[in-house]
Amino acid sequence: MVARELLGQRLVRILNGQRLAGIIVETEAYLGVEDRAAHSFGGRRTARTETMYCDGGTTYVYLNYGIHNLLNVVTETVDAPTAVLLRAIEPVEGIDVMYKHRPKIRNDSGLCSGPGKLGAALAIDRSHDRLDLVTSPVLFIERTRTRPLAKNKITATPRIGVDYAGFWATRPLRFHLTGNKHVSARSV
DNA sequence: CCTCTGATCTTCT
DNA sequence: GAAGATCAGAGGG
């Protein structure tokens, strides 16, 4: 599953010619039309969710709670609306700029440890919706490995903030690097 | 440590 | 008109 493959890879944002980058440490999978927690549940196809029906490697950015821009990666093929939400990264490049985007934060572990935080730190907004991560000059992912991670390096738990989704809220579709200090607060 | 709440606005009913 | 893939601060233990 792509949500696992993305862990440990490097997310790169180019802003004013400078690299802002971090290692992906936490993701959540949203599984298409069956998944009650996904925007595409039931085959819903609207102006917003249309992006989820794009080809794999496309970004899906939407505004959450009127405040936060959340970054997803579409993971399958055209018309298969599955995506992975990037929930946290461990900052490694351009950290000083990230702090400017998050003026109230004092330590690295609070910079990008949540989907809304990550969006703010990297200055991602809806202008970054529906970008091709393979060709985009401003947002892309660099491979840090090609082998799958060992199973004990990854912890899987239920997703966060989807209690309304019943059975789907109980499924272990949230993944993070075991023991990493930069995952979002509610971790196991 | 924990729980509660306001902020803020797009999207869909 | 209501809900929402969240965050940070306040208040209590």
Side-chain angles (χ1 to χ4, degrees), chain A residues 1-4 6-7 11 22 24-54 56 58-76 80-91 98-131 133 139 154-177 180-188:
Chain A
M1 173 184 294
V2 180
R4 293 172 179 275
L6 285 172
L7 290 176
L11 176 68
I24 298 170
V25 299
E26 180 180 352
T27 61
E28 274 180 3
Y30 286 85
L31 302 182
V33 301
E34 299 180 354
D35 181 355
R36 192 157 178 189
H39 293 159
S40 52
F41 174 65
R44 243 161 102 245
R45 217 167 166 144
T46 65
R48 178 177 66 155
T49 65
E50 188 60 32
T51 300
M52 287 189 74
Y53 294 80
C54 292
T58 303
T59 60
Y60 171 42
V61 178
Y62 76 97
L63 187 63
N64 180 61
Y65 287 103
I67 305 171
H68 307 290
N69 288 289
L70 272 53
L71 172 62
N72 299 250
V73 179
V74 178
T75 59
E76 292 190 22
T82 62
V84 171
L85 170 65
L86 302 186
R87 286 193 58 90
I89 63 175
E90 176 176 337
M98 296 184 196
Y99 273 108
K100 286 179 186 163
H101 296 154
R102 308 219 352 99
K104 295 168 184 172
I105 302 306
R106 309 181 193 183
N107 54 331
D108 287 8
S109 64
L111 260 189
C112 305
S113 52
K117 301 178 185 181
L118 182 163
L122 300 186
I124 288 169
D125 58 42
R126 277 169 304 161
S127 72
H128 302 101
D129 182 44
R130 215 176 291 198
L131 294 180
L133 283 167
L139 190 60
I154 300 176
T155 301
T157 66
R159 293 172 294 184
I160 291 176
V162 296
D163 293 346
Y164 59 87
F167 163 74
W168 285 94
T170 69
R171 309 229 41 219
L173 293 174
R174 169 178 178 242
F175 304 94
H176 62 87
L177 294 183
N180 189 281
K181 294 165 189 159
H182 300 267
V183 302
S184 65
R186 285 173 271 182
S187 40
V188 181

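These figures come from a predicted structure and were not determined experimentally.
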Query raised in the report: For A/S40 and A/T49, does a side-chain donor sit closer than 3.5 Å to a side-chain acceptor?
Result: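 No, no side-chain donor-acceptor contact under 3.5 Å.
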**Report entry** Any residue meeting salt bridge (Lys or Arg N to Asp or Glu O under 4.0 Å) with A/D35, in chain and number order, not counting sequence neighbours
**Finding:**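 Counting only residues at least two positions away or on another chain, A/D35 forms a salt bridge (Lys or Arg N to Asp or Glu O under 4.0 Å) with A/R159.
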Query raised in the report: Can you check side chain to side chain contact (heavy atoms under 4.5 Å, CB included) on A/T82 and A/V74, steps first, answer last?
Result: CA-CA 6 Å; A/T82 62; A/V74 178; 5.6 Å; no
Report task. May I have the step-by-step check of side chain to side chain contact (heavy atoms under 4.5 Å, CB included) for A/F175 and A/L6, ending in yes or no? Result -> CA-CA 10 Å; A/F175 304 94; A/L6 285 172; over 6 Å; no
Looking only at atom types and distance, does a side-chain atom of [X] sit under 3.5 Å from a main-chain N or O of [Y], one as donor and one as acceptor?
| X | Y | answer |
| --- | --- | --- |
| A/Y53 | A/G43 | yes |
| A/R126 | A/N69 | no |
| A/Y99 | A/D108 | yes |
| A/T75 | A/V84 | no |

Would one find a side-chain N or O of [X] under 4.0 angstrom from OP1 or OP2 of [N]?
| X | N | result |
| --- | --- | --- |
| A/R87 | C/dT6 | yes |
| A/R102 | C/dA8 | yes |
| A/Y62 | C/dG4 | no |
| A/H39 | C/dA5 | yes |

Rounding to a whole Å, what distance do you find between [X]:[atom1] and [N]:[atom2]?
| X | N | atom1 | atom2 | value |
| --- | --- | --- | --- | --- |
| A/N64 | B/dT11 | CG | P | 12 Å |
| A/F41 | B/dT11 | CZ | P | 21 Å |
| A/I67 | B/dA7 | CD1 | P | 10 Å |
| A/R159 | C/dG4 | CZ | C1' | 15 Å |
| A/L111 | C/dA8 | CG | P | 10 Å |
| A/N69 | B/dT10 | CG | C1' | 11 Å |
| A/H68 | B/dC9 | NE2 | P | 12 Å |
| A/Y30 | C/dG4 | OH | P | 13 Å |

Report task. Enumerate, in order of first residue number, the stems that involve DNA chain C, defined as 3 or more consecutive Watson-Crick or G-U wobble pairs with both distances under 3.5 Å. Result ->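 Counting only runs of 3 or more consecutive pairs, the stems involving DNA chain C are B:1-7 with C:6-12, B:9-12 with C:1-4.
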Query raised in the report: Would A/S184 and A/E28 count as a side chain to side chain contact (heavy atoms under 4.5 Å, CB included) if you check the C-alpha gap in whole Å, the side-chain angles of each, and the deciding distance to 0.1 Å?
Result: CA-CA 12 Å; A/S184 65; A/E28 274 180 3; over 6 Å; no
**Report entry** Residue mapping more 5' on DNA chain C - nearest nucleotide basis, A/V162 or A/G110
**Finding:**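 The residue whose closest nucleotide sits nearer the 5' end is A/V162.
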Query raised in the report: Can you check whether A/Y65 stacks with the B/dA7 base, using ring centres under 5.5 Å and planes within 30°?
Result: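 It does not: the two rings, one from A/Y65 and one from B/dA7, miss the stacking criterion.
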Query - Within residues 115-129 of chain A: residues closer than 4.0 Å to DNA chain C (heavy atoms) - result: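 DNA chain C contact set from residues 115-129 of chain A: A/P115, A/G116, A/K117.
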Query raised in the report: Touch check for A/L63, heavy atoms < 4.0 angstrom, all strands: base, sugar-phosphate only, or nothing?
Result: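 The residue A/L63 makes sugar-phosphate contact but no base contact.
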Report task. Pick base, sugar-phosphate or nothing for A/I105, based on heavy-atom distances below 4.0 Å to the nucleic acid. Result ->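 Counting heavy atoms under 4.0 Å across all strands, the contact made by A/I105 is with sugar-phosphate only.
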Query - Intermediate values then yes/no, side chain to side chain contact (heavy atoms under 4.5 Å, CB included), A/W168 and A/V162 - result: CA-CA 8 Å; A/W168 285 94; A/V162 296; over 6 Å; no
